[in-house]
2 protein chains.
Amino acid sequence: MPAPSPLVAHDRSDVIHASDTLARVFAALGDPIRLKLVAVLCAGGALSIAQLTANTDISRQGVTKHLQVLAEAGVVRDVKMGRERLWQLDPAQIEGARQTLDVIGHEWGIALQKLKLFAESP
Amino acid sequence: MPAPSPLVAHDRSDVIHASDTLARVFAALGDPIRLKLVAVLCAGGALSIAQLTANTDISRQGVTKHLQVLAEAGVVRDVKMGRERLWQLDPAQIEGARQTLDVIGHEWGIALQKLKLFAESP
DNA sequence: GATAAATGCAACTAAAAAGTTGCGTTTTGT
DNA sequence: ACAAAACGCAACTTTTTAGTTGCATTTATC
């Protein structure tokens, strides 16, 4: 097995799996407009670009670009219906991101527990 | 009470609270280097900039900038120890982000359930 | 006290992102 | 057939981000 890093004692990057696709999901959610789009779509609806634009302050093309960012991250999907393009949430990637944050919190909790045990040791 | 939006039937943006500070947390996590920094720090350690730089391909000043982004999002905190500046995780904002993703998943599940009930209705 | 380590500060370049405008295409409805 | 709705495509500007280099400052060590 490989020798542990001499500089960083407790690298958990193997546990977290900080992949580029995961970072892409977080980056997609890291914009107020896109986050609101997700908040609207999580209610289960399949909404057109025009409908989604009505909730924002930017142009239709601006919303289209944001939807493309979300789509490339796998957060939303589109279905063509006649002259409309309906967008709906795809919760798989969001669930993956949630699990990552969950693991980070757990790792932190474990570290705190170890520190506590060390402090209480006689 | 205000009239419901005529265009969007099920806006859950009130439930999600898509604030700018929350988007800032997601944006901070939306970079592979920063995500790895968080993965390293979630093990509980307080590491210096030089130590954190050893895990990346970029310069020390580049890492410093990434840490500043994480700090402005409230994801990490710094403590000065002598000539070193030690960084550690602050899990509060990450927990808030996790809860948001949790709510999105739940809202989606509720929407699916309603759709299922509607499809099964005689 | 001199030296090396760890960092801060500022200027700079390059690349990506955000947003717009203009115009063309497809589809719906009368 | 024609007009309006919904959208795509492409060019463009502006702003932000990522990353670097150079030099100054603080702190530990011999």
Side-chain angles (χ1 to χ4, degrees), chain A residues 5-9 18 20-38 40-41 45-88, chain B residues 6-9 18 20-38 40-41 45-73 75-88:
Chain A
S5 166
L7 281 179
V8 177
D20 282 18
T21 62
L22 183 57
R24 194 177 299 267
V25 174
F26 283 126
L29 300 175
D31 179 274
I33 292 179
R34 291 197 292 265
L35 198 52
K36 186 165 186 178
L37 289 174
V38 169
V40 170
L41 289 176
L47 303 183
S48 69
I49 299 176
Q51 286 174 319
L52 291 170
T53 303
N55 263 10
T56 68
D57 297 334
I58 65 176
S59 68
R60 172 180 59 88
Q61 288 83 350
V63 173
T64 297
K65 281 197 176 182
H66 282 296
L67 287 170
Q68 283 174 349
V69 173
L70 289 168
E72 283 175 12
V75 174
V76 299
R77 300 162 44 88
D78 69 297
V79 182
K80 288 192 176 178
M81 284 281 293
R83 67 177 160 182
E84 288 179 318
R85 190 174 171 190
L86 303 180
W87 292 86
Q88 57 188 15
Chain B
L7 282 178
V8 178
D20 281 20
T21 61
L22 184 57
R24 194 176 296 264
V25 174
F26 284 125
L29 300 174
D31 179 274
I33 293 180
R34 290 197 292 266
L35 197 52
K36 186 164 186 178
L37 289 174
V38 169
V40 170
L41 289 176
L47 303 183
S48 69
I49 298 176
Q51 286 174 318
L52 292 171
T53 302
N55 265 10
T56 69
D57 298 334
I58 65 176
S59 67
R60 171 181 60 87
Q61 288 83 350
V63 174
T64 298
K65 281 197 176 184
H66 281 298
L67 288 169
Q68 283 174 349
V69 172
L70 289 168
E72 283 175 12
V75 174
V76 299
R77 300 162 43 90
D78 70 296
V79 181
K80 290 194 175 177
M81 283 282 295
R83 66 178 161 181
E84 288 180 318
R85 191 175 171 190
L86 303 180
W87 292 86
Q88 56 187 18

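Quick caveat: nothing in here was measured; it's all calculated off a predicted structure. Lettering of chains follows the sequences in order, A, B, ..., and the numbering in each one begins at 1.
At least one side-chain heavy atom of A/Leu41 sits under 4.5 Å from a side-chain heavy atom of A/Leu52. A/Lys36 places none of its side-chain heavy atoms less than 4.5 Å from the side chain of A/Thr56. Proximity of B/Leu67 to B/Asp78: side-chain heavy atoms (C-beta onward) are nowhere separated by under 4.5 Å.
Straight-line distance from the CZ atom of B/Arg34 to the P atom of D/dT17: 9 Å, rounded to whole Å. Note: CD (A/Gln68) to C1' (C/dG19) measures 13 Å, nearest angstrom. B/Asp78 has its CG atom 17 Å from the P atom of C/dA6, to the nearest Å. Atom NZ in B/Lys65 sits about 15 Å away from atom P in C/dA15, given to the nearest Å. Between B/Met81 atom CE and C/dT7 atom P the separation is 12 Å, expressed in whole Å. Between B/Leu37 atom CG and D/dA18 atom C1' there is a gap of 14 Å when expressed in whole angstrom units. Rounded to whole Å, the distance from CD1 on A/Ile58 to C1' on C/dT20 is 10 Å. When rounded to the nearest whole Å, the span between CG of B/Asp20 and P of D/dT16 equals 14 Å.
When every heavy atom of A/Ile49 is checked against every heavy atom of A/Trp87, the shortest pair comes out as CG1-NE1, 3.5 Å. In terms of heavy atoms, A/Leu37 sits closest to A/His66 at CD1-CB, 4.1 Å.
A close approach under 4.0 Å does not occur between any side-chain nitrogen or oxygen of A/His66 and OP1 or OP2 of C/dA17. At least one side-chain nitrogen or oxygen of B/Ser59 sits closer than 4.0 Å to the OP1 or OP2 atom of D/dT20.
Atom OG1 of A/Thr21 sits about 13.0 Å away from atom CD of A/Glu72, to the nearest 0.5 Å. For the atom pair CG (A/Leu29) and CG (B/Leu22), the distance works out to 9.0 Å, reported to the nearest 0.5 Å.
Counting heavy atoms of neighbouring residues, nucleotides and ligands inside a 6.0 Å radius, atom CZ of A/Arg24 does not exceed 12 of them.
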Just the atom pairs and distances: protein N or O near nucleotides 1-7 of chain D's N or O, under 3.5 Å.
residue, atom, partner, partner atom, Å
D/dA5, N3, A/Arg83, NH1, 3.1
D/dC7, OP1, A/Ile49, N, 3.3
D/dC7, OP1, A/Arg85, N, 3.3
D/dC7, OP2, A/Ala50, N, 2.9
D/dC7, N4, A/Arg60, NH2, 3.4

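End-to-end axis angle for the helix from C/dG1-D/dC30 to C/dT30-D/dA1, using five pairs per end and rounding to 10°, comes out at 30°.
At distances below 3.5 Å, at least one donor-acceptor pair connects side-chain atoms of A/Arg34 with backbone N or O atoms of A/Ala27.
Residue A/Gly62 is classed as a base contact, given a heavy-atom separation below 4.0 Å to a base.
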